[in-house]
Amino acid sequence: MKYRGEIDGLRTLAVVPVILFHAGIAPFTGGFIGVDVFFVISGYLISTIILNEMDAGRFSIMRFYERRARRILPALFFVMLVCILFAWFWLMPRDLKDFAESLAAVTLFVSNFLFWLEAGYFEATAELKPLLHTWSLAVEEQYYIFFPVLLMMLNPFGRRAILIGLIAIFVFSFALSQWGIYNHPSATFFLLPARGWELLVGVFASIYLRGHSTFTRTIHTELLSLIGLAMIILPIFVYDKSTPFPGAYALPATIGTALIILFARTGTFAERLLAAKPMVAIGLVSYSAYLWHQPVFAFFKHRFGSAYFEDAVYLLIALSLLLATISYWLVERPFRRAATLKQLGVSMAVCFLMVIGATTTFLTVIDENYKAVPSYRWALEHASPELISYIENRDVGRECANDIQAIGLKICRFGATDQEPTMVMWGDSLAGALLYGIDQVARENGVAGLAFITNGCPPILGLRNTELSTCTPGTQARVMEEIATLSGIKVALLTGNLVGAMTARNVLIDGNPTSAVIVGHKMEMAMKTFEMAGITSLFVEQGPTFDAHVAEHEMQRLRSGYEKPQAISRSSHVASVAPTRVLAGAFDDYIETTDLYCNKSTCPSVDSGGNLVIFDRNHVTEKYSLKLAQLVFSQLK
């Protein structure tokens with residue numbers, strides 16, 4: 001296959017935006033589309049190699065996998081082994097456990113499944129996962145398993161059959177992707193079935209070039225290649241984390257990449273730009289640069305904190321490129337060009353055993369003696385008992401006698417145990433955190449009640465959390481049924497993440513995408529039911545949401561010496577909850593909580609007395625659960 005320098009330049013155009021996006025550099029809010037550029041390049045190169053060898057009658061699937069192993073495994077294992085050392089000394093037990101699980105998943109090329117099940121790519125905690133970026137490698141490796149086999153099955157029937165089969169798969173995959181961004185966004189982002197069409201764009205480019213092998217520079221090639229550049233570059237600056245992705249929003253970057261592959265021919269501006277020596281130089285090390293940047297960023301944040309990261313970000317980018325260059329010359333090139341098959345096999349087997357050994361060791365230590373983890377030993381010496389308790393994930397949630405796991409519903413008795421319930425509390429995990437304080441204050445006031453807690457499932461009829469099997473319309477319908485069976489109830493107290501319920505892509509209401517209008521309508525319906533039953537309804541406004549886990553941030557702050565406690569501006573918090581305040585009229589009383597959490601200018605995660613306000617990202621600590629409960633009961637009097 002003839003070398004094309006502009007393809008390496010295209011790799012630069014893919015990897016640099018991804019790195020800058022993960023670095024949090026403001027203009028590059030859509031830099032994640034670089035991964036889609038990589039997908040198209042891979043589809044083009046792999047299909048070209050396979051089809052050329054099939055035409056020559058010398059395609060070997062074993063030789064194909066050997067080439068893929070030479071290309072991918074040595075640098076990947078090298079990065080993983082270095083990460084293992086830093087993980088042991090710098091990560092807290094819970095993070096070390098997550099890292100160990102990701103090591104195993106990466107080794108088996110199923111990390112996209114792991115990260116899909118754990119959380120979304122754009123969540124704040126995702127940036128702290130050293131191996132998060134390997135999800136795209138898993139997608140490609142899964143593609144490499146199925147695609148050659150598919151071509152081998154279709155090849156005897158001719159090129160027309162191959163084309164028809166690939167078009168059918170493309171249509172299915174694209175339709176699934178477009179449907180999935182609104183119904184199952186996390187799975188759509190991470191999994192091959194909804195991403196396969198992007199690789200097939202590259203395949204179609206390869207097939208087209210096989211019938212149009214010679215292009216000369218014309219006004220058409222100049223124009224189309226420039227359009228291709230623009231289609232890649234514009235989304236980098238226009239898209240952001242809120243963009244529903246991939247689906248149709250991935251079309252500009254993928255089609256743009258195909259246009260460059262097809263029409264950036266010798267002499268065109270796009271070819272001269274992409275084939276320039278600096279672009280080619282970065283493109284040659286792009287794979288290693290992609291591998292290194294996320295671990296460098298994540299481990300730095302774990303050790304020194306996110307605030308200091310902003311000051312060091314350009315040095316960290318430079319470090320990533322330096323490590324990439326070292327990896328390319330000392331690991332990638334030797335294994336791709338000089339190492340024998342035996343040397344490759346033995347080396348990778350040793351690396352595999354080392355990674356699996358580290359994974360097993362980490363998980364065993366965490367399970368049997370997590371205090372042996374160096375970072376945790378340090379924490380025991382420097383952190384307060386309160387901070388350690390939240391680091392160990394002992395939150396304020398209560399165990400309940402009635403736990404209906406099938407629908408994610410916990411029914412908890414609170415308050416005066418010698419009284420009949422006159423109050424109900426209904427909500428998601430925010431209500432679960434509030435329950436600690438409500439229980440104590442209700443007992444002091446001689447009030448008894450029942451709490452209906454549905455974690456991850458705000459108190460809205462018809463709501464489905466597509467990322468949580470226990471949150472369906474039946475979950476909240478069951479709550480209403482349970483409340484309807486109670487007699488003597490005078491007050492219904494509701495709280496929950498209404499902001500998320502109004503905006504999150506993984507929320508559906510009655511099967512449709514959510515919105516503030518739909519949530520408001522559903523709330524009004526539920527509150528009218530309470531009103532007809534003579535029940536007074538109150539809603540407790542949610543508190544601030546911080547970018548990072550507060551307790552873990554405080555631990556990092558102790559270790560780094562650079563961090564300050566997290567805080568958000570009062571104005572931004574008020575703006576974030578403003579959509580829920582519009583619903584105040586649906587309730588008999590709407591309890592604003594901004595003054596509880598915020599001073600005149602900011603909403604701190606740690607108050608002036610050194611007490612944590614929030615222990616993770618948005619759940620109140622025991623102290624503030626009690627303060628919030630006192631505010632609630634002051635409104636009831």
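All values below were derived from every heavy atom in this structure, side-chain atoms included, with hydrogens, water molecules and symmetry-related copies excluded.
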What class does the angle between the rings of [X] and [Y] fall in, given that below 30° is parallel, 30 to 60° is tilted and above 60° is perpendicular?
| X | Y | answer |
| --- | --- | --- |
| Tyr308 | Phe300 | parallel |
| Tyr239 | Phe32 | parallel |
| His293 | His133 | perpendicular |
| Phe99 | Phe299 | perpendicular |
| Phe115 | Phe190 | tilted |
| Phe245 | Phe189 | tilted |

Worksheet, complete the sentence: Nearest heavy-atom contact between Thr12 and Gly283 is OG1-N, 2.8 Å
Worksheet item: Can you check side-chain contact (heavy atoms from CB on, under 4.5 Å) on Thr243 and Val238, steps first, answer last?
Response: CA-CA 9 Å; Thr243 303; Val238 174; over 6 Å; no
Pair [X] + [Y], salt bridge at N-O below 4.0 Å:
| X | Y | result |
| --- | --- | --- |
| Lys129 | Glu118 | yes |
| Glu141 | Arg71 | no |
| Arg4 | Glu271 | no |

Worksheet item: Are Glu198 and Arg195 close enough, and set up right, to give a salt bridge (charged side-chain N to carboxylate O under 4.0 Å, His left out), and what steps lead you there?
Response: CA-CA 6 Å; Glu198 299 182 45; Arg195 288 286 192 168; 2.9 Å; yes
Item to complete: Test side-chain contact (heavy atoms from CB on, under 4.5 Å) on Leu229 and Ile260 and set out the steps.
Response: CA-CA 7 Å; Leu229 275 176; Ile260 290 174; 3.7 Å; yes
Discussion item. Using modelled atom types and a 3.5 Å cut-off, is there a donor and acceptor pairing between side-chain atoms of Thr268 and backbone atoms of Arg265?
Written reply: yes
Discussion item. For Glu332, is there any backbone N or O sitting under 3.5 Å from a side-chain donor or acceptor partner on Arg337?
Written reply: no
Worksheet item: Hey, do the aromatic rings of Trp90 and Phe304 have their centres closer than 6.0 Å?
Response: yes
Discussion item. Please report whether the ring centroid of Phe204 lies less than 6.0 Å from that of Phe170.
Written reply: yes
Worksheet item: If you count the non-hydrogen atoms of other residues, nucleotides and ligands that lie under 6.0 Å from CZ in Phe86, is the total more than 12?
Response: no
Fill in: Side-chain donor-acceptor pair present, Tyr290, Ser136, cut-off under 3.5 Å
yes
Worksheet item: Are Ser111 and Thr134 close enough that a side-chain donor and a side-chain acceptor fall under 3.5 Å?
Response: yes
Fill in: salt bridge (charged side-chain N to carboxylate O under 4.0 Å, His left out) evaluation trace for Glu53 with Arg67
CA-CA 13 Å; Glu53 292 187 352; Arg67 286 197 299 264; 3.2 Å; yes
Worksheet item: Does any non-hydrogen side-chain atom of Tyr44 lie less than 4.5 Å from one of Leu209?
Response: yes
Worksheet item: Given Thr254 and Ile33, is the side-chain contact (heavy atoms from CB on, under 4.5 Å) satisfied, shown in steps?
Response: CA-CA 9 Å; Thr254 53; Ile33 63 98; over 6 Å; no
Practice prompt. Determine, step by step, whether Phe297 and Ile19 satisfy the side-chain contact (heavy atoms from CB on, under 4.5 Å) criterion, reporting the C-alpha distance in whole Å, the side-chain angles of both residues, the deciding distance to 0.1 Å, and the verdict.
Written response: CA-CA 10 Å; Phe297 293 175; Ile19 293 174; 4.0 Å; yes
